[in-house]
Trainee: 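Handing you this structure, nothing more for now.
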Amino acid sequence: MQTQGAHSPSVLPAEMPVPPSTASKRPDFFGAPDPHLPAAAPCPSAHELSPAGDAAAGGEAATATAATAAGGPEAAAGTAATAKGGSGAAATAAPPPANGLDAIITDHQVIRQLFHRCNNARTDQERLAATRDLVRHVSRHASAEERTLYPLARDRLPDRGTGRMLYDRMVMDDTVNKQLLDWLERHQPREGDAAQWGLHAATLAKFQSIEEEHLSREEAELIEPLRAVMTPAETAKLGKQWAAAWANAPTHPHPRGPTAAPGATLLHPIVGVIDRLRDAVMER
């Protein structure tokens with residue numbers, strides 16, 4: 001492994017393997033984000049990041065909201081599930097990823113880019129805006145993985161005991177991460193208060209270190225072993241599931257909500273509807 005630059009906040013444990021297929025992306029090196037995602041670019045939208053896109057998310061939100069009014073949360077959950085598999089224009093705005101494993105690794109690169117934006121912000125307001133985008137993106141990413149990748153690894157890895165251990169570890173990581181994301185979202189330092197800004201920066205650095213290890217371990221110990229046992233049809237199916245889960249995922253951290261299945265599968269689409277309605281009201 002190459003020596004890491006002085007500006008990089010942390011280094012992975014020496015024993016952490018870097019899969020050959022992702023070595024060029026430097027999963028251990030936050031200071032070198034994907035060159036196709038320049039630091040000056042605005043936070044990518046759901047439409048840019050997920051083939052299902054904002055249209056699918058908006059379509060599901062409207063349908064599920066109507067279902068909630070008519071028949072309660074259970075009806076909303078059923079309606080959201082129908083929308084994910086429907087043939088309407090919103091659900092077919094663009095083809096889903098051909099390979100769900102590659103789509104998840106690509107989204108890991110977006111998270112690394114968002115960390116890069118946080119670390120290279122020129123002003124306090126830029127840093128807060130970058131942190132807000134990071135919190136929202138990782139919240140959606142975690143929810144989508146909890147409903148697609150993690151159960152798949154638990155059930156499909158050849159060593160079922162190891163698969164179960166990895167599933168529990170990934171769920172635990174997400175639980176801890178959501179607590180940190182919730183703190184970052186709820187606490188905005190006072191202007192000119194050096195102590196508060198220092199605490200905010202230290203908490204963001206702590207989250208970055210934990211997330212760095214989580215992403216790299218996930219790529220090495222879940223995604224690459226799954227690549228070895230999954231057929232093209234299975235990875236294509238995962239691509240559809242990932243796009244649908246991204247489209248209806250919560251946009252804020254909910255550390256007290258379910259992280260493991262089946263609770264996550266049932267409740268996350270409903271919470272996602274509420275989050276997007278909240279965002280629409282707050283951002284008018």
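We use all heavy atoms of the structure for the numbers below, so side chains are in, but hydrogens, waters and symmetry mates are not.
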Trainee: Could you tell me whether the side chain of S209 and the main chain of K206 form a donor-acceptor pair under 3.5 Å?
Mentor: no
Trainee: Using the rule given for side chain to side chain contact (heavy atoms under 4.5 Å, CB included), can you reason through H200 versus W183, listing the C-alpha separation, both sets of side-chain angles and the distance that settles it, and then say yes or no?
Mentor: CA-CA 9 Å; H200 188 275; W183 189 97; 4.2 Å; yes
Trainee: Answer with yes or no whether the hydrophobic clustering places V229 together with Y150; edges join I, L, V, M, F, W, Y residues whose side-chain heavy atoms lie under 4.5 Å apart.
Mentor: yes
Trainee: Return the minimal non-hydrogen interatomic distance between A261 and Y167, and the atom names on each side.
Mentor: N-OH, 3.1 Å
Trainee: So, do E218 and E145 sit near enough that their side-chain heavy atoms are less than 4.5 Å apart?
Mentor: yes
Trainee: If you look at every heavy atom in P151 and T148, which pair is closest and at what distance?
Mentor: CD-O, 3.5 Å
Trainee: Once salt bridge (charged side-chain N to carboxylate O under 4.0 Å, His left out) is applied, what residue pairs with a partner in residues 233-244 remain, sequence neighbours excluded?
Mentor: R156-E234
Trainee: Can you measure from CG (D107) to CG (L215) and round to the nearest 0.5 angstrom?
Mentor: 9.5 Å
Trainee: Would you kindly say whether N119 and Q208 are connected by a side-chain donor-acceptor distance under 3.5 Å?
Mentor: yes
Trainee: What's the shortest heavy-atom distance between R147 and A245, and which atoms?
Mentor: NH2-O, 2.8 Å
Trainee: When rounded to the nearest 0.5 angstrom, what is the spacing between NE2 in H137 and CD1 in I111?
Mentor: 5.0 Å
Trainee: Please answer: with hydrophobic residues joined when any side-chain heavy atoms are less than 4.5 Å apart, are L204 and V110 in the same cluster?
Mentor: yes
Trainee: Should R227 and E221 count as an ion pair when the cut-off is N to O under 4.0 Å?
Mentor: no
Trainee: If you compare all heavy atoms of C118 against all heavy atoms of T131, which two are closest, and at what distance to 0.1 Å?
Mentor: SG-N, 3.7 Å
Trainee: At what distance, to the nearest 0.5 angstrom, does CG of D124 lie from CD of Q196?
Mentor: 11.5 Å
Trainee: Quick check: does any side chain N or O of E126 sit under 3.5 Å from a backbone N or O of R122, one acting as donor and the other as acceptor?
Mentor: yes
Trainee: Less than 4.0 Å between a side-chain N and a carboxylate O, is that true for R136 and D279?
Mentor: yes
Trainee: Passes side chain to side chain contact (heavy atoms under 4.5 Å, CB included), I105 versus E224? Steps please.
Mentor: CA-CA 10 Å; I105 288 180; E224 292 308 307; 4.1 Å; yes
Trainee: Side chains of Q241 and L152, heavy atoms from C-beta outward: is any pair under 4.5 Å?
Mentor: no
Trainee: Hey, are the side chains of E211 and N177 touching, using non-hydrogen atoms and a 4.5 Å cut-off?
Mentor: yes
Trainee: Applying side chain to side chain contact (heavy atoms under 4.5 Å, CB included) to L149 and I223, what does each step give before you reach the verdict?
Mentor: CA-CA 8 Å; L149 179 65; I223 292 178; 4.2 Å; yes
Trainee: With H141, which residues qualify under ring-ring contact (aromatic ring centres under 6.0 Å, His included), at least two apart?
Mentor: H108, W242
Trainee: Return each pair, listed once, that meets salt bridge (charged side-chain N to carboxylate O under 4.0 Å, His left out) where at least one residue sits in residues 168-178; pairs must be two or more places apart or across chains.
Mentor: E146-K178, R164-D168, R169-D173, R169-E213
Trainee: If I take atom CG from residue L222 and atom CG from residue L166, how far apart are they, to the nearest 0.5 angstrom?
Mentor: 5.0 Å
Trainee: Answer whether the closest heavy-atom distance between the side chains of N248 and H268 falls below 4.5 Å.
Mentor: no
Trainee: State plainly whether one hydrophobic cluster holds both L128 and L134, where clusters connect Ile, Leu, Val, Met, Phe, Trp and Tyr through side-chain heavy atoms under 4.5 angstrom apart.
Mentor: no
Trainee: Do any N or O atoms from the side chain of T203 and from the backbone of L199 form a donor-acceptor pair under 3.5 angstrom?
Mentor: yes
Trainee: Would you indicate whether the side-chain heavy atoms of H214 and M170 approach each other to under 4.5 Å?
Mentor: yes
Trainee: Check whether any side-chain N or O of S139 sits under 3.5 Å from a backbone N or O of V135 as a donor-acceptor pair, and report yes or no.
Mentor: yes
Trainee: Please name the pair of heavy atoms, one in A264 and one in P269, separated by the smallest distance, quoted to 0.1 Å.
Mentor: O-CD, 4.0 Å
Trainee: Give a yes or no answer on whether the side chain of D275 reaches the backbone of P250 with a donor-acceptor pair at less than 3.5 Å.
Mentor: no
Trainee: In this structure, would L157 and M230 fall into the same cluster of hydrophobic residues linked by side-chain contacts under 4.5 Å?
Mentor: yes
Trainee: Just to verify, what does D182 make a side-chain contact (heavy atoms from CB on, under 4.5 Å) with, not counting sequence neighbours?
Mentor: R186, P253, P255
Trainee: Is there a path from L180 to W197 through hydrophobic residues (I, L, V, M, F, W, Y) whose side chains come within less than 4.5 Å of each other?
Mentor: no
Trainee: Only counting residues at least two apart or in another chain, list the ones meeting ring-ring contact (aromatic ring centres under 6.0 Å, His included) with H252.
Mentor: none
Trainee: Treating R154 as the side-chain partner and R160 as the backbone partner, does any N or O pair qualify as donor plus acceptor under 3.5 Å?
Mentor: no
Trainee: Quick check: closest heavy atoms across I270 and L266, and the distance to 0.1 Å?
Mentor: CD1-O, 3.8 Å
Trainee: Does anything in residues 192-202 form a salt bridge (charged side-chain N to carboxylate O under 4.0 Å, His left out)? List the pairs, not counting sequence neighbours.
Mentor: R190-D193
Trainee: Is it true that atom CE of M165 has more than 12 heavy atoms of other residues, nucleotides or ligands lying nearer than 6.0 Å?
Mentor: no
